[in-house]
Structures are given as structure tokens and as C-alpha cells.
Undergrad: 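Pasting a structure here, questions to come.
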Protein chains: 2
Amino acid sequence: MKFEAATIKDIAKALGLSTSTVSRALRDSYEISEATKKKIKDYAAQINYRPNPVALSLKEKRTLSIGVLVSEIANTFFSQVINGIESIAYKNGYNVIITQSKESVEREEMILDYLTSRSIDGLIISVSAETNDFTNLKQLHEKGLPIVFFDRVVEEINTHKVVTDNLDGVYRATQHLLQNQCKRISVIANNANLSITKERLAGYKKALNEYKMNIDESLIKYCDHGGLIVEEVEKVVDELLTLKKKPDAMVLLADKITTETFSILKKKNINMPQDIAVIGFNNSKYTSLFSPALSVISQPAFEMGEQAAQLLLNLIESKRAVTDFKLEALAPEIIIRESSQISSR
Amino acid sequence: MKFEAATIKDIAKALGLSTSTVSRALRDSYEISEATKKKIKDYAAQINYRPNPVALSLKEKRTLSIGVLVSEIANTFFSQVINGIESIAYKNGYNVIITQSKESVEREEMILDYLTSRSIDGLIISVSAETNDFTNLKQLHEKGLPIVFFDRVVEEINTHKVVTDNLDGVYRATQHLLQNQCKRISVIANNANLSITKERLAGYKKALNEYKMNIDESLIKYCDHGGLIVEEVEKVVDELLTLKKKPDAMVLLADKITTETFSILKKKNINMPQDIAVIGFNNSKYTSLFSPALSVISQPAFEMGEQAAQLLLNLIESKRAVTDFKLEALAPEIIIRESSQISSR
DNA sequence: TTGTAGGCGTTATCAG
DNA sequence: CTGATAACGCCTACAA
């Protein structure tokens with residue numbers, strides 16, 4: 001059972017006019033007399049007429065909706081980004097279709113195929129951790145689908161990108177640990193394929209280099225699924241804790257990895273920051289309520305969403321092909337709390 | 001710049017056939033010879049043909065998308081529900097259009113108007129805290145728009161509803177506090193209009209009655225915006241703390257209110273549970289990492305989403321008008337942790 | 001077995 | 001100033 005909404009035809013019939021006259025009157029065309037316009041508009045308002053967006057889409061070859069693909073909606077960072085995207089899209093009359101890959105390549109491929117079979121005008125995407133083959137995405141881009149990357153970007157595809165200044169964020173976080181006399185700073189990173197992993201590790205190494213510390217590869221661990229699988233985090237934490245020369249600090253390079261590691265360390269009754277100082281990426285307000293209150297690198301998620309959406313709308317609505325692409329790198333905020341503050345050691 | 005995708009026409013032209021033959025072949029009609037079918041299908045695959053969903057929508061008067069309206073996406077409970085909805089919708093070939101009211105009536109009205117101007121086949125909604133006039137929603141429902149309510153339901157509208165067993169959840173939580181010798185148990189509730197508020201308060205009162213305790217109205221507070229505005233929470237917490245006869249426990253009846261109150265109490269250096277025992281609704285995993293670890297009433301959010309989506313799809317795809325509506329009340333989980341466990345007082 | 005001719009709701013073009 | 005017609009991409013009676 002469906003509810004049948006009024007169409008232009010209904011109005012035309014009721015008023016003894018043609019559909020074209022009605023259409024023109026509703027769009028306030030100059031060629032219609034004020035009297036007819038008024039009659040038509042009044043009647044339209046009365047029966048609560050709304051133009052059918054599907055018919056418009058078919059005619060105008062656009063859907064007024066944009067697709068968003070992230071790895072997980074329930075992740076605070078992503079839901080904040082989506083919030084930002086939504087606010088801009090909404091303001092400009094666009095729908096947002098939100099989808100999640102759950103870090104799976106197959107799901108990502110399926111979703112892309114689905115979304116781009118004409119149901120979106122543009123795409124905002126943070127690629128899944130597993131993905132390292134971007135031919136599909138590249139093809140879509142070459143065919144003319146407007147794409148904006150955020151967070152996890154694909155270097156080979158030339159389009160707008162919105163990221164956190166990951167290098168600087170981790171650089172400052174690591175610096176802070178070094179200033180707190182940490183000597184063996186470990187890191188747990190996301191999948192090595194990801195742009196964010198490379199950038200964040202570069203920040204870590206930059207800080208160590210400045211302090212003339214050696215890069216010890218045994219202190220660098222990866223979670224291929226971005227911490228979505230608890231076991232992969234447990235595994236690397238255990239590896240770090242059973243090293244001959246144990247780390248005295250951890251820098252956690254992804255939201256999920258941060259909270260999982262924190263939880264694991266607590267369960268093992270490891271004192272933070274005394275035994276291990278901890279700082280990691282996370283966007284949830286809740287981390288301030290943790291015990292110890294967690295030091296975090298927080299990304300300007302809402303703004304990232306806003307910027308990505310604005311850039312995408314620019315692409316979609318631009319008349320000429322855009323060739324000048326922007327890379328927006330927004331500054332993260334380093335929030336130092338108890339988990340990384342070593343008063344004396 | 002748009003990318004032009006292949007159409008049935010293109011295939012027909014390329015193969016010297018008519019569009020209807022192509023259409024039929026692609027849908028595996030019995031009236032087309034195997035040879036032609038194969039030729040057409042091969043070519044379609046080769047040029048990566050995908051039927052245009054917009055054209056299909058126009059023809060079939062359905063969009064294969066469902067709308068979801070919640071108060072806030074970034075709220076863990078809602079993002080988990082959305083997750084559940086998405087999983088079912090996705091499996092059945094439906095799009096999900098996610099929107100948020102931010103607890104504002106105007107936004108809710110605008111979104112409804114937008115969503116229902118033919119761009120969705122059905123709606124899953126948890127109404128905003130401010131809303132107490134449901135004529136709009138009622139009209140939509142009467143016009144035949146399939147609607148499923150979850151969480152915050154509208155009693156006057158007769159359709160499927162998926163809720164947590166709120167009464168029982170709060171009843172058990174309050175009982176737990178009573179068993180822990182709490183004598184003056186206060187509650188902070190969401191907007192009094194909401195179904196969830198009424199149900200949850202009923203649970204509170206039921207427990208007190210069983211223990212032959214008086215209901216002291218000064219211990220019952222409301223946040224009209226569901227805790228979305230920090231000041232409204234601060235105000236009621238202050239009111240409770242400055243009562244002549246202070247409360248020794250708090251039951252917090254909404255996610256946001258729970259975390260805000262917890263944060264306020266911590267800032268005021270109030271010991272939990274010694275000074276005030278605390279338990280509240282919350283769906284974030286993070287609460288176990290709080291200090292003190294927070295006791296919570298956790299809702300089966302993912303399942304709620306799944307059920308709501310399944311019920312909606314049933315409504316949408318049902319041939320005859322549905323008259324037998326379900327009210328699914330799923331059991332919440334009471335997780336007792338430090339914030340409400342009083343060992344000795 | 002294949003082709004022709006509408007029609008879904010709208011707007012642009014061309015006529016009057 | 002207003003109306004008829006075609007077109008967007010697809011499907012389906014009805015013809016051939």
C-alpha cells in the first residue's frame with residue numbers, strides 16, 4: 001500500500017490547464033500571468049503539492065544526494081565527521097547516504113558499485129584498512145565521479161583531500177613523551193597500507209630523530225584491521241610487553257586501537273603512566289573520564305566533515321572541469337591528561 | 001562534469017536490437033532466445049551496464065530507500081541502532097538515509113517534509129525530545145507511509161514499535177540501589193513528553209513502592225533537551241545537591257544525561273558511590289573505563305535496529321494493508337560496576 | 001522470438 | 001500568455 005501524492009497533472013486537470021502552464025507557474029516563469037500563477041500556486045499549496053524528486057533526478061541526471069563511505073559509523077571520529085558532512089549537505093539541499101565498510105575490501109567494493117550505479121552525485125570516502133588496490137576507485141574518478149577523500153586518502157588519485165596534520169600531531173605527542181623522560185617509546189599503528197599510518201609513523205620518527213634516539217623496529221607494531229578485531233590488539237600489546245627491553249610508553253595511532261589498548265593495559269593492572277605512559281588518537285569526550293584520564297590526539301572531525309562536504313559540492317556544482325585540487329590539513333589538538341604525565345621517574 | 005553511464009538504448013543500438021528485447025533479455029525473460037540473451041548479457045557485462053535506479057524508481061513508484069530519523073547520530077546508542085538498521089536494509093537491497101533532529105521540532109518537521117516528498121519508501125523514527133504535536137506524523141501515517149517507531153514511540157499512532165523494556169530496566173536498577181541501602185534515590189529524566197520518560201519513571205516508582213518508600217517529587221528532575229545542553233544538566237544536578245535532604249543516589253534516564261552528570265559529579269569531587277551512588281542509561285563500551293567504572297543500563301541497540309528495519313521492510317513489502325502491529329520490548333542489560341556498589345555505609 | 005508504443009513526473013522547445 | 005510534444009531510462013501490454 002502506497003500513498004499517492006499529487007502531481008502536476010492533477011493540478012492541470014483540476015484547473016483545466018495544461019501541465020506545462022502549471023509547471024511554469026510553479027517555477028515562477030515570467031511568461032505566465034499573475035492571475036493564473038496565483039490560482040495555480042494556491043491550489044498547489046492547498047493540496048500540498050511537492051515536486052517528485054525522482055522525476056527531477058531522471059530528467060536532470062542528478063540525484064541531489066552524496067555518498068559517504070567510512071569504515072565504521074559507530075566510531076566517534078567518523079560519526080562526528082558525518083555530522084559535519086550532514087550539516088553542509090543539508091544546508092545545500094543534498095541528501096547524505098551513509099555506508100560503512102567495516103574495514104572489508106569486499107564490502108567496500110560492493111558499496112561502491114551500488115552507490116555509483118547512478119544513485120549519488122558525488123562521494124566522500126575514507127578507505128578501508130584492508131584496501132590497497134585502488135583501480136576501482138580510480139576508474140570511477142576518471143569516469144567523472146566527483147570524489148573527496150578524507151582521513152585515509154589515496155595518494156594516486158588527484159582530487160580534493162581533507163586530512164588531519166597527522167605527522168605534526170604524532171610528532172608533538174611523541175615530543176611530549178620524550179620531554180617526560182620516556183626512553184623506549186613504542187607505537188601501535190593501523191594497517192601499513194594506509195596514508196594515515198605512514199604520516200603518523202613519520203611524525204613519530206621525526207621526534208625520535210630530533211632527540212637523537214634510535215628507531216627500534218621491534219617497538220613498532222601494526223593492526224591490520226585497525227583494531228576492529230580485539231585479538232589483533234591483544235597480540236601486539238603482548239608482544240610489546242614481553243620484549244626483553246620493555247617499552248615505557250605507547251603512542252596509539254588509531255581511535256579503536258587506543259581504547260582497546262587502554263582497556264587491555266588496565267586489565268593487566270599496568271600502571272599508567274608510571275609503568276607505561278600512554279597517548280593515542282581518540283575523538284570521544286569520554287576519554288577524560290577514564291582512569292587515568294587519557295591523553296589524546298583529537299582530530300577536528302566536525303570541521304573535516306564540513307570541509308569535505310563543501311569541497312565535494314564545489315566539485316559537483318562546478319561547470320568546468322576542476323584541475324586545481326586542495327589538500328586541507330587541519331591541526332589536531334593534543335590534550336595532555338594523566339595517562340602520559342610522568343611527574344617523577 | 002558528469003559521467004554518462006550506459007543505458008539499454010546503447011546496448012540496443014550497438015547490437016541492432018530493440019530496447020524491449022534488451023530489457024527482456026537482461027531480466028531473463030522466457031520469450032527471448034538463448035542466443036540473443038547471451039549476446040546481450042555478454043555485451044552488457046562488457047560495458048559494465050547497470051540499470052538506472054532512478055528510472056526504475058520513477059516507474060515502480062518506490063525508491064528502495066528508507067529514512068531514519070534520530071536525535072543525534074554521534075550518540076552511541078543511536079549509532080548502534082543505525083548499524084543494525086543498515087545491516088538488514090543492506091541485505092535486502094535498500095538504501096538508508098540517515099538524518100538527525102538534534103532534538104529540535106523545526107528540524108524534525110523539515111526533515112520529515114523532505115524525506116517524505118517521495119524519496120523514501122518507509123521511515124524508522126525516534127522522535128525528538130521537544131516534539132509533543134504528532135499531527136504531521138499522524139497524517140503521513142494515514143496517507144500510507146510505512147512507519148516503525150523505536151526507542152521514543154508515539155502512542156497515538158498505531159504501527160510497529162521497537163523499544164527497550166524501559167520500565168523493567170529502571171525497576172531493576174532502582175531495586176539494586178535499594179538493596180545497597182540507598183534511602184534517597186533521585187532521578188534525572190529526559191523531557192516529560194517522551195514515552196521513554198514515562199516508562200522509565202514508572203519503573204523507578206514501582207521499585208520505590210515495593211520498598212514502601214515515599215515518592216519525593218523534589219528528587220525527580222527533567223532535562224527538556226535530553227542533556228544535549230550542558231547547562232540544563234548542571235542546573236538540575238545543582239538543585240539536587242543543594243536540597244535540604246540530599247540524595248544518596250542518582251538514576252540517570254538517558255545516555256547523554258548519564259555522561260554529563262557523571263562528569264559534573266567528578267568535577268565537584270563528589271565520591272561515587274560513597275557520597276552518591278550512580279547508575280544510568282548508556283550504551284558506550286567506554287563507561288567501563290571510567291573511574292569509578294560506571295554502572296549502566298545498556299540497551300540492545302543493534303538488535304533494536306535490526307528488528308525495526310525488518311518490521312519496516314515487512315510493512316513496505318506487504319501486499320495487503322497490515323493491521324496487526326507489534327510492540328517488541330527487548331530486555332535491557334543491567335551492568336553493575338563500581339559507581340553503584342556500596343560495600344559499606 | 002522480436003518490435004512498437006505508451007507511461008511513470010517533470011521541464012524544455014517549439015507553436016500558436 | 002498558454003498548450004502540445006518530446007525526452008530522461010526503463011518496463012510491459014499489445015502487435016507482428
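In the text below, chain A, chain B and the rest are named by the order of the sequence lines, each starting its count at 1. Model, not experiment: these values are computed from the prediction.
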Undergrad: Round to a whole Å and report the spacing from CG of B:Asn52 to P of D:dC11.
TA: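 That distance rounds to 10 Å.
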Undergrad: Would you indicate what A:Ser57 reaches in the nucleic acid, counting non-hydrogen atoms under 4.0 angstrom: base, sugar-phosphate, or nothing?
TA: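 Contact class for A:Ser57: none.
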Undergrad: Base, sugar-phosphate or nothing for A:Arg24? Non-hydrogen atoms, less than 4.0 Å.
TA: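 Base contact.
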Undergrad: Given atom CZ of B:Arg27 and atom P of C:dT1, what is their separation to the nearest angstrom?
TA: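 The distance from CZ of B:Arg27 to P of C:dT1 comes to 19 Å, rounded to the nearest Å.
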Undergrad: Name the closest nucleotide to the B:Ile8 side chain, picking from C:dT11, D:dC10, C:dG9.
TA: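 So the side chain of B:Ile8 is nearest to D:dC10.
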Undergrad: Would you call A:Glu328 and A:Lys161 a salt bridge, taking side-chain N to carboxylate O under 4.0 Å as the test?
TA: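 A:Lys161 and A:Glu328: not salt-bridged.
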Undergrad: Over how many whole Å does the gap from B:Glu34 atom CD to C:dT1 atom C1' extend?
TA: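 Computing the B:Glu34:CD to C:dT1:C1' distance gives 12 Å.
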Undergrad: Pairing donors with acceptors under 3.5 angstrom, does anything connect the side chains of A:Asp151 and A:Ser126?
TA: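 Yes, because at least one side-chain N or O of A:Asp151 sits under 3.5 Å from a partner of the opposite role on A:Ser126.
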Undergrad: Just how far, in rounded Å, is P of D:dG9 from CG of B:Leu26?
TA: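 Whole-Å distance recorded here is 15 Å.
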Undergrad: Do B:Glu86 and A:Arg107 sit within salt-bridge range, that is, some charged N less than 4.0 Å from a carboxylate O?
TA: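 Yes, B:Glu86 and A:Arg107 are salt-bridged.
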Undergrad: In whole Å, I'd like the distance from the CD atom of A:Glu31 to the P atom of C:dA15.
TA: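 The answer, rounded to whole Å, is 15 Å.
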Undergrad: Tell me: CZ of B:Arg62 to C1' of D:dC10, nearest whole Å?
TA: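 Computing the B:Arg62:CZ to D:dC10:C1' distance gives 13 Å.
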Undergrad: Rounded to whole angstroms, how far apart are CD1 on A:Ile11 and P on D:dT2?
TA: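 Whole-Å distance recorded here is 15 Å.
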Undergrad: When you check the side-chain N and O atoms of A:Ser128 and A:Thr131, is any donor under 3.5 Å from an acceptor?
TA: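 The criterion, which ignores hydrogens and geometry beyond distance, is satisfied for A:Thr131 and A:Ser128.
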Undergrad: Can you run down the salt bridge (Lys or Arg N to Asp or Glu O under 4.0 Å) pairs that involve residues 124-133 of chain A, sequence neighbours left out, and say none if there aren't any?
TA: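 For residues 124-133 of chain A: none.
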Undergrad: Distance check needed: D:dT2 C1' versus A:Tyr30 OH, whole Å only.
TA: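 After rounding, the gap between these two atoms is 13 Å.
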Undergrad: For DNA chain D, find the residues of residues 13-21 of chain B with a heavy-atom distance under 4.0 Å and give them by number; none if there aren't any.
TA: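 Residues of residues 13-21 of chain B under 4.0 Å from DNA chain D: B:Ser20.
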Undergrad: Under a 4.0 Å N-O cut-off, is there an ion pair linking B:Arg24 with B:Glu31?
TA: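 Between B:Glu31 and B:Arg24 there is a salt bridge, with a charged N closer than 4.0 Å to a carboxylate O.
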Undergrad: Do any side-chain nitrogens or oxygens of A:Lys59 fall under 4.0 Å of OP1 or OP2 in D:dA6?
TA: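 For D:dA6, neither OP1 nor OP2 has a side-chain N or O of A:Lys59 closer than 4.0 Å.
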Undergrad: Check whether the side chains of A:Thr36 and A:Ser33 place a donor and an acceptor atom closer than 3.5 Å, and report yes or no.
TA: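 Present: a donor and an acceptor within the cut-off.
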Undergrad: Which residue, A:Ser23 or A:Lys9, contacts DNA chain C at a nucleotide closer to its 5' end, judged by nearest heavy atom?
TA: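 Counting from the 5' end, the first nearest nucleotide belongs to A:Lys9.
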